[in-house]
Amino acid sequence: METINDISPAILIVGNPVDGLSHIGPFADTEAANEYGDGLDEDWWVVTLAAPEIEDAEETVRTFQTRLAPEDIPDDFEVRPLQPGDEARDKVTCLSCGLSWDDAVPTGITPAPAARCPFEPFHRGE
């Protein structure tokens, strides 16, 4: 299987064929997907994504490269990204960076107004 610019993004397939399957991701690699899956109570499988044979493949690569990991956020930043398996009363996930946070925890920037990502200062390529 070909990688996308030397990265192998992956997704989780969660559930079962009888009750239904859902897809979670993409993750930067299979290791990140496995870490997330370890926190789930359901059956799950990790699948790597193949490089698309499309004209805008470079845009797809840029999308994967904009993803952030919790460790990309400085320890002293007032909002903490949720780790896989963390409980949250009001979990919100940014579709740009892929990080999640608990919007029910009040800080100087959460709850996030107009569904803005509190991690925007760390977004890549925006």
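Predicted model, so just to flag it, every value in this text is computed and none were measured.
- Y36 has its side chain out of reach of W44: every pair of non-hydrogen atoms, C-beta onward, lies at least 4.5 Å apart.
- Looking at heavy atoms from C-beta onward, D75 lies in side-chain contact with R80 at the 4.5 angstrom threshold.
- Taking CG of L12 as the start and CG of L21 as the end, the distance is 12.0 Å to the nearest 0.5 Å.
- A heavy-atom distance below 4.5 Å is not found between the side chains of P9 and T48.
- F119 is not listed as a side-chain neighbour of S96, based on a closest heavy-atom distance of 4.5 Å or more.
- Taking each heavy atom of G98 and T93 in turn, the nearest pair found is O-CG2, 3.8 Å.
- Expressed to the nearest 0.5 Å, how far CD1 of I11 lies from OG1 of T30 amounts to 13.0 Å.
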I'd like to know whether H23 forms a side-chain contact (heavy atoms from CB on, under 4.5 Å) with V14, so could you lay out the CA-CA distance, the side-chain angles of the two residues, the decisive distance to 0.1 Å, and finally the verdict.
CA-CA 6 Å; H23 302 83; V14 181; over 6 Å; no

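- The environment of CG in D41 is sparse: at most 12 heavy-atom neighbours from other residues, nucleotides or ligands sit within 6.0 Å.
- The side-chain heavy atoms of W101 and T107, taken from C-beta on, include no pair separated by under 4.5 Å.
- The nearest pair of heavy atoms linking P70 to Q83 is CB-NE2, 3.3 Å.
- The CG atom of D43 lies 10.0 Å from the CG atom of D19; values are rounded to the nearest 0.5 Å.
- Heavy atoms only, all atoms of each residue included: L82 and E87 are closest at CD2-O, 4.3 Å.
- Under the 4.5 Å side-chain heavy-atom criterion for ILVMFWY residues, no single connected hydrophobic cluster contains both F77 and V105.
- A 4.5 Å side-chain heavy-atom check between I13 and V46 finds every atom pair outside the cut-off.
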Mind running side-chain contact (heavy atoms from CB on, under 4.5 Å) on K91 and D102 for me, showing each step along the way?
CA-CA 5 Å; K91 181 179 178 180; D102 188 346; over 6 Å; no

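- L99 is not listed as a side-chain neighbour of C94, based on a closest heavy-atom distance of 4.5 Å or more.
- Counting only heavy atoms from C-beta outward, the side chains of I73 and F122 approach each other to under 4.5 Å.
- Note that CG of L68 is 7.5 Å distant from SG of C117, once rounded to the nearest 0.5 Å.
- Side-chain N or O atoms of E35 include none that pairs as donor or acceptor with a backbone N or O of P84 at under 3.5 Å.
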